[in-house]
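Step one of this worksheet: look at the structure below.
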Amino acid sequence: MTLKTKITMNPPAKMKTTLTKIFKERAFFEPEDLICYSRDAVPCLEGMPEAVVQPRNRRELKELITSAQKEGWNLIPRGRGTGTFGGAVPVDGGIVVDFARMNRIEEINVDRHYVRVQPGCCVQTIDFELAKNGLKLPVIPWSSPGASIGGFVATNGVGLGSYTYGRIKQQVLDLTVITGRGDELSLGSVTEYTPGYNLCELFVGSEGTLGFITSILLTCINQKKHTVVSGFFKSFKDTLSCVRDIAQTDVKPYTMIYDDATTFNFVREVTLGNPQATIEKDKRDTGGYLLLAFESFGDEEKNTLSAIFSQYSARLNVGGMSEGLWNNLSSFLPKVYRVGLISFEDTFVPVDSVYDVAVQCWEKADELSVRMFMGGYVASRRTLVLFPGMVVNERDFEEVENVKKAKDEIIKITLRHGGGISALGSDKVNYMGEYPERAQIMQQIKEVFDPYHVMNRGKLGLR
Amino acid sequence: MDTVYQCGSCGYCLDTCSVYATTFTESLSPRGKLLLLRKYGEGVLTDPSSLTERLYTCTLCGKCEDACPSKTDITGVIKNWRNNHPFNEEVLRSSLQSVLEKGNPYNKSQFEREEWCTFNPEADSDIGYFPGCTTSLLQPQIGASFIQVVKDLLPLQIIDDVCCGSILSKTGFQKEVQEIMEKNTQYFKERGIKTLITSCAGCYSFFLEYPFNVKVLHTSQVLTDYLSELQPQNICTTYHDPCHLVKTSLTSQPRHILKTLSDYSEKETQACCGAGGGMLLNFRELADSICKNLVRGLNPRTKLVTACPFCLYHMKRNTFQKILSIEEFTASCTQ
């Protein structure tokens, strides 16, 4: 299959004139430039923008919003385009606002343990600079080397460290935003305490539908060395039961990753450089592994985990081999692209339902002949992120359609088991229909911040 | 074509690309280029000329490939396009002509080229010193410094009248490069060369691609053998990695020299200087901007040393700070 994106060669003349006046050489209209903003890391989803602009400061953003209000333009904020659900894809056209040039670290305050950054800043760069001061971000997205902090905040991401520290919304102390109305607001403070409605949290996860985030104040923690432990289990079911048992104790790993045997073998082959690696579906439930990283690992943690692991005839490995696994597996996802593009459907599943959800996802995958591998990480005591990854060849029309169907089914299965989905982007926007009352209230809130409907129309199913 | 479908847009390449880090232009980023090629292959983009300019806006440093988790052969795809789609043809053709007629891409005479060398070579030696066109014509002190260190220790022939063809291989002249390689191989054979030492990182990495039975060494590999003859200096140094040497895993020898003979500290980050892959020839302004970003913030009390004459030449054009070649630094330790 060849996915063909329609190219709108000529943006309206007024748009071109206005944007060039505001952004000069940082306004792009050529098809070769526009096409590079037609997709993010989600396969099989594309849309052409009419223009792309790269703001340098708040003044330019305000001027852009004023013009958009007059002309009825749709503005789509974009970090670094590494999302896996089409959050930055202009499926209905519009102007992509690329924050690549608003990428400064504005302040690192060691005494107060915070960092103030612009949204286009790469998360890895922030962590690199913090490390010089003995600090780090509590939560890091899985896509860290590529991801921008703005995208992570706008989608209320989870990642490495979420088990201990929560989602990114718990790390955001303050946001400076320019709303779709054109108002510039500071929504929080350098302490965690602000009276009344938590407007910061309202913007975190709003997926660019309320306004532009222009500055982010994040909490930091002291750098700590990780101890990595792991265990291999007889079945995937045992692995997930072990996760559930650990979640009921006071042991608090920084992060917990799990995979089934098929995925483990597949990833091992891929990371060893075999582009022909296959997913052996008959070995799915023949094993599983668990990888845990701790910021503090003493006798209490060791004894508790050993006792739980032994119930499943698994041995606790501390350091050594586990460190090697950590280096490979904590960043394995993009490596799988050697085999083919991967469509991820990250779903949030209650800790005691994950195995049932996984089995039903496998059944659907087999029914649709989709190449699926399964793994994930533990987001909190209650919730596991299940990460069914599906290999897809975008030139194979049938496979593309089947993967789309499988994605729909995965979400249905998750919702049936009391689970949920996180960010919607353009890929999962239809599922807002599952929550009509919430959608209505969200629209009313959007009207307050974006009465002219210039901010990311269509995302979250909102106007 | 399959290679361009291997990119999953993870963005790991973005910060490693000196062109993207300077321009912030997505269509000039490695993943942007792959997407453009893909869309051209799918027939969505139809004008090859607009792609060609973007695909020549690349230093071919290969840092994106090191960062790419799916190990996409990005520079291979770009070089392949360049071989079929010439750009800035007049300028590049003139370089080609100069290489074919004068043995260097700078349109200079052989007389000018030999000015740096006052050394009496030993015609019988099977070891050849190949300074490279950039050393001989733009940074002649490099060759002179190397000779100063090794003249009494190593019998050498000087081979300074041909171009290795590296620059042409990066700018779309693959067919001509094959001929140059064959011709040079024959020439080295006639001169009885069994070991070839070069000061140029570009020549070094390109000679490794030659299908000949000659041992190729970079000067930094040779100089490490003579450190006991040299006097350590009381200066602070740091090192810029030439991309060609990184690609050929030659990173430890220059550092070993500096650590032994000076107070060495590692640079915080390593990035491409911006000159390679035809960038200085085709996009001088951008190449300079990339380099200015690189040399900005250098500690004036710490001497920056590099092991490539082209990096050295380009960095010197973009800073007032003194930058040294590994040969010059080593020669300063003979006094």
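All values derive from a computational prediction rather than experimental measurement. Side chains are part of it too, since the values below use all heavy atoms of this structure and drop only hydrogens, waters and symmetry mates. Residue numbers start from 1 in every chain, and the chains themselves are labelled A, B, ... in the order their sequence lines are given, proteins ahead of strands.
Interface check for chain A: of the options B/Ser50, B/Gly8, B/Cys13, the most heavy-atom pairs under 4.5 Å are formed by B/Gly8. Your options are A/Ala147, A/Gly146, A/Gly120, and the one with the most heavy-atom pairs under 4.5 Å with chain B is A/Gly146. For the set A/Asp40, A/Val52, A/Thr125, A/Thr82, the entry with the most heavy-atom pairs within less than 4.5 Å of chain B is A/Thr82. Taking chain A as the reference chain and counting heavy-atom pairs below 4.5 Å, the highest number among B/Leu51, B/Leu28, B/Leu36 is found for B/Leu36. Between chain A and the residues B/Lys33, B/Arg31, B/Lys71, the most heavy-atom pairs under 4.5 angstrom are made by B/Arg31. For the options B/Gly11, B/Gly32, B/Ser9, heavy-atom pairs under 4.5 Å to chain A are most numerous at B/Ser9.
Note that CZ of B/Phe206 is 8.0 Å distant from CG of B/Leu168, once rounded to the nearest 0.5 Å. Rounded to the nearest 0.5 Å, atoms CZ (B/Arg38) and SG (B/Cys7) are 8.5 Å apart.
The contact between B/Thr23 and chain A is made entirely by backbone atoms, counting heavy-atom distances below 4.5 Å. Only the side chain of A/Glu30 has a heavy atom closer than 4.5 Å to any heavy atom of chain B. Using a 4.5 Å cut-off between heavy atoms, A/Gln54 touches chain B through its side chain atoms alone.
Considering B/Thr3, B/Leu55, B/Thr72 as possible partners of B/Val77, the one that fulfils the side chain to side chain contact (heavy atoms under 4.5 Å, CB included) test is B/Thr3.
Screening residues 283-307 of chain B for ring pair (Phe, Tyr, Trp, His ring centres under 6.0 Å), with sequence neighbours left out, gives B/Phe87-B/Phe283. Residue pairs meeting the ring pair (Phe, Tyr, Trp, His ring centres under 6.0 Å) criterion with at least one member in residues 117-136 of chain A: none, sequence neighbours excluded.
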Derivation of the side chain to side chain donor-acceptor pair (under 3.5 Å) call for B/His85 and B/Thr52: CA-CA 7 Å; B/His85 299 84; B/Thr52 298; 5.1 Å; no
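Using the six-membered ring where Trp is involved, A/Trp142 and A/Tyr377 have ring planes that are tilted, between 30° and 60° apart.
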